[in-house]
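A short worksheet on the structure shown next.
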Amino acid sequence: MASMRQVACVGGLFGRLAGWLGRFGANRDGNFTVLMAFATGVLFLTAGLAVEYTLALSQRTRITNALDAATLATARAISIGEVTQANAPDYLKQVFAANIGVDNLATSRYSLHNIVIDPANNAVSAKATYNQQLKFINVGMGTTHMDVSNNSAVTFGASDIEVAMVLDVTGSMDWDDANGDHKMTSLKAAAKNAVDKLLKNSRGAVKISLVPYSQSVNVGSFLSRYVYADYLEPKSDAPAYDAALFNSTGVGYDYAAFQQPYKVRRWRNGRRRRVCTNVLPSDFRVESDGTNVDYCATDRKAPDTGGRTSYQFTDENPVRGGMISRDSRLSEGSCISEKIVTLTTNKRDLDRAIDRMGTNGGTAGHIGLQWAWYTISHKWRDYLPATSRPGDHMASGSDLNKYIIFMTDGVFNTAYAGNSTRNGWTGHNPARSQSPQHTSDFCRAIKQQNIKIFVVGFDLDETVADSNPDLRRSWIRDAQTLLRNCATPDTNRVTYFYKADDSAQLTAAFENIAQTIRSLRLTH
């Protein structure tokens, strides 16, 4: 925003006062009594001038704050479609009056002028004036009032925005909340409303990705090229993605070489002779052509072999950082059907994807968060569809901001990386899962890249199932602490962590987040 502020009409008044004093000083007639009277008058005028000037500065501050708030609010309301261009001037006046503390501008000493609503240039500007009555220096000055004025201009919608929505579609989302509302139905309505507010009148400046998650994510056909079939190991030496190999074979890594270390020695035909045969472990899930059995993906693992750099909690691309595991502990048929939607401005595609969301499985929040980061990471730019390539918000002079909206209704209890349990499912016992710690590590790494994280904890008290009340309270407390720490710290102006106890609060949380993100686009 370009902002111009001034106190008008003060200079002329002070100029007349200076001229009068000069003429009086040039006159040599009179005596000591006259000089004393003159000195007394000067002191009186000086004190009066100081008082009037102090009052002017105070009023300038008031109208500055009120006018800035009014132009910002009007710009935000226009940008999200709350008011039309025709209604914007009246809206600006109402906000200014409320902030300045008057019921009726027309009968007050405050007035607004030069209101300009310019949607072509995404601009709102106005001038505010306070008509100040002169109480101390009006005698002999030829005027009884002076105007204190301020100009304010706001350019809105100037920055681009990328938002990743990470939505919990686990089995507990099929429950009702305390008020009897179906939680998944409420989430769909809240998410679609947020999408509508974020995209409305954005002119392509806002892009949104959608990442539904439970105990895995469904990355879809395009992103599945970066996923490799993996064994039930807590660590794994991920192969690097090979684009040329993928273009020729449809598989982005040499899966035969990847299987080589797992060759086993077995007896053949009952003879006492051992031969090396390429028999895969029973836990391995891969098609005969080397492709994955489905579009599901789990988490990126730390390397199993010493000396390798770990890219586990980074957004490194699948060439330098290695491909992402599809752990065999995720059984066939357990993959969720809701696919990731990469960055798009298409509201219809996002709405359809949200409508298709079902409920299934445990809660691996870190996996959803990980893939959300990939969808808005500039390091993944060349590995995403051409229409979904993220920008570089860390580049010098960049006017791009990135946000993640991270929603869950339960305790994170499922992990594959770093987890030695054979089935990868830990039940409702987060103490046996690495997922909370992995989530914390991802949250920290994401925020270090100046990506803001909004977190919504939905109906957490109801989704922790255990007969032990002390253990139940402990899990709830730990979950809330994890989520609050994951969110960007709240400020005086912005709330980043929301605890929604029912569907109404969930709807309000998503709406507030959408409005906040749109407001943060304003350049002030």
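Along the sequence shown, the residues carry numbers beginning at 1. Values below: all heavy atoms of this structure, side chains included; hydrogens, waters and symmetry mates excluded.
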**Asked** Quick one: does Asn419's side chain have a donor or acceptor within less than 3.5 Å of a partner on Ala415's backbone?
**Response** yes
**Request:** For the pair Thr170 and Asp168, evaluate side-chain hydrogen bond (donor to acceptor under 3.5 Å, both in side chains) and give the outcome as yes or no after the intermediate values.
**Result:** CA-CA 6 Å; Thr170 56; Asp168 187 334; 2.5 Å; yes
**Prompt:** How long is the span from the CD1 atom in Ile354 to the CZ atom in Arg356, to the nearest 0.5 Å?
**Reply:** 10.5 Å
**Message:** Check Asp351 with Lys347, please: is the shortest side-chain N to carboxylate O separation under 4.0 Å?
**Reply:** yes
**Message:** Before you tell me yes or no, could you show the steps for Asn450 and His393 under side-chain hydrogen bond (donor to acceptor under 3.5 Å, both in side chains), namely the whole-Å CA-CA distance, both residues' side-chain angles and the distance that decides it to 0.1 Å?
**Reply:** CA-CA 9 Å; Asn450 198 27; His393 72 299; 5.4 Å; no
**Item:** salt bridge (Lys or Arg N to Asp or Glu O under 4.0 Å), paired with Asp315, selected from Arg320, Lys402, Lys379
**Value:** Lys379
**Request:** Rounded to the nearest 0.5 Å, what's the gap from CG on Leu232 to CG on Asp327? Could you check?
**Result:** 6.5 Å
**Message:** Taking the side chain as everything from C-beta on, heavy atoms only, tell me whether Thr495 gets closer than 4.5 Å to Asn512.
**Reply:** no
**Prompt:** Is the backbone of Asp181 close enough, under 3.5 Å, to the side chain of Thr185 for a donor and an acceptor to pair up by distance?
**Reply:** no
**Asked** Just by modelled atom types, is the Thr481 backbone N or O under 3.5 Å from a matching donor or acceptor in the Asn485 side chain?
**Response** yes
**Asked** Taking the side chain from Asn87 and the backbone from Val83, do they hold a donor-acceptor pair closer than 3.5 Å?
**Response** no
**Asn401/Lys452 under side chain to side chain contact (heavy atoms under 4.5 Å, CB included): CA gap, chis, key distance, verdict** = CA-CA 8 Å; Asn401 295 302; Lys452 302 295 191 298; over 6 Å; no
**Prompt:** Is Arg381 salt-bridged to Asp392, cutoff N-O under 4.0 Å?
**Reply:** no
**Message:** If you compare all heavy atoms of Ser503 against all heavy atoms of Asp177, which two are closest, and at what distance to 0.1 Å?
**Reply:** OG-OD2, 2.6 Å
**Asked** If you take all heavy atoms of Val169 and Pro212, which pair is closest and at what distance?
**Response** CG1-CB, 4.0 Å
**Complete:** Nearest heavy-atom approach of Tyr255 to Val251 is CD2-CG1, 4.3 Å
**Request:** Flag the pair Asp459 and Lys183 as a salt bridge only when some basic side-chain nitrogen lies within less than 4.0 angstrom of an acidic carboxylate oxygen.
**Result:** yes
**Asked** What about the rings of Phe258 and Tyr228, do their centers lie closer together than 6.0 Å?
**Response** yes
**From Asp349 atom CG to Ile208 atom CD1, the distance as rounded to the nearest 0.5 Å** = 11.5 Å
**Request:** Quick one: closest heavy-atom pair of Thr488 and Tyr496, and the distance?
**Result:** O-CB, 2.9 Å
**Request:** State, to 0.1 Å, how close Gly365 and Tyr213 come at their nearest heavy-atom pair, and which atoms those are.
**Result:** CA-CE1, 3.5 Å
**Message:** Applying side chain to side chain contact (heavy atoms under 4.5 Å, CB included) to Leu506 and Tyr498, what does each step give before you reach the verdict?
**Reply:** CA-CA 9 Å; Leu506 178 72; Tyr498 292 82; over 6 Å; no
**Request:** May I ask you to decide if Ala123's main-chain N or O and Asp118's side chain share a donor-acceptor pair within less than 3.5 Å?
**Result:** no
**Request:** Indicate yes or no: at least one non-hydrogen side-chain atom of Met165 is less than 4.5 angstrom from one of Tyr403.
**Result:** no
**Prompt:** Stepwise, does the side-chain hydrogen bond (donor to acceptor under 3.5 Å, both in side chains) test hold for Ser209 with Thr375?
**Reply:** CA-CA 7 Å; Ser209 65; Thr375 65; 2.9 Å; yes
**Prompt:** Just one of Arg329, Lys235, Arg326, Lys301 clears the salt bridge (Lys or Arg N to Asp or Glu O under 4.0 Å) bar with Asp230, so which one?
**Reply:** Lys301
**Prompt:** Does the side chain of Ile324 reach to within under 4.5 Å of the side chain of Asp299, using non-hydrogen atoms?
**Reply:** no
**Request:** Would you check if Asp237 and Arg308 make a side-chain contact, meaning some heavy-atom pair closer than 4.5 Å?
**Result:** yes
**Asked** When the aromatic ring centroids of His438 and Phe313 are compared, is their separation below 6.0 Å?
**Response** yes
**Asked** Looking only at atom types and distance, does a side-chain atom of Asn218 sit under 3.5 Å from a main-chain N or O of Ile336, one as donor and one as acceptor?
**Response** yes
**Prompt:** Less than 4.5 Å apart, any side-chain heavy atom of Asn317 and any of Tyr241?
**Reply:** no
**Prompt:** Going by an N to O cut-off under 4.0 Å, is there a salt bridge joining Lys207 and Glu162?
**Reply:** no
**Close side-chain approach of His366 and Phe412, heavy atoms under 4.5 Å** = no
**Request:** Test Ile513 against Ile517 for side chain to side chain contact (heavy atoms under 4.5 Å, CB included), laying out the working first.
**Result:** CA-CA 6 Å; Ile513 291 170; Ile517 292 175; 3.9 Å; yes
**Item:** Close side-chain approach of Lys197 to Arg518, heavy-atom, < 4.5 Å
**Value:** no
**Prompt:** Lys447 side chain to Ile453 main-chain N or O, any donor-acceptor pair under 3.5 Å?
**Reply:** no
**Prompt:** Do Gln437 and Asp441 pass the side-chain hydrogen bond (donor to acceptor under 3.5 Å, both in side chains) test, and can you show the C-alpha distance, the side-chain angles, and the key distance before you say yes or no?
**Reply:** CA-CA 6 Å; Gln437 184 58 53; Asp441 290 338; 3.1 Å; yes
**Asked** To the nearest 0.5 Å, how far apart are CG in Asp294 and OG in Ser334?
**Response** 9.5 Å
**Asked** Which atom names give the shortest non-hydrogen contact between Ile367 and Thr298, and what distance separates them?
**Response** CG2-O, 3.5 Å
**Prompt:** Just by distance, do the side chain of Thr71 and the backbone of Val124 share a donor-acceptor pair under 3.5 Å?
**Reply:** no
**Asked** Taking Thr359 for the side chain and Met173 for the main chain, is one N or O donor matched with an acceptor at less than 3.5 Å?
**Response** no
**Message:** Evaluate Ser236 against Ser325 for side chain to side chain contact (heavy atoms under 4.5 Å, CB included), listing each step before the verdict.
**Reply:** CA-CA 8 Å; Ser236 177; Ser325 169; 5.8 Å; no
**Prompt:** Are any non-hydrogen side-chain atoms of Phe497 and Val456 less than 4.5 angstrom apart?
**Reply:** no
**Item:** Six-ring centre of Phe442, Arg444 cation under 6.0 angstrom, axis tolerance 45°
**Value:** no
**Message:** Using modelled atom types and a 3.5 Å cut-off, is there a donor and acceptor pairing between side-chain atoms of Arg389 and backbone atoms of Tyr383?
**Reply:** no
**Asked** So, Phe246 versus Phe222, ring centres under 6.0 angstrom or not?
**Response** no
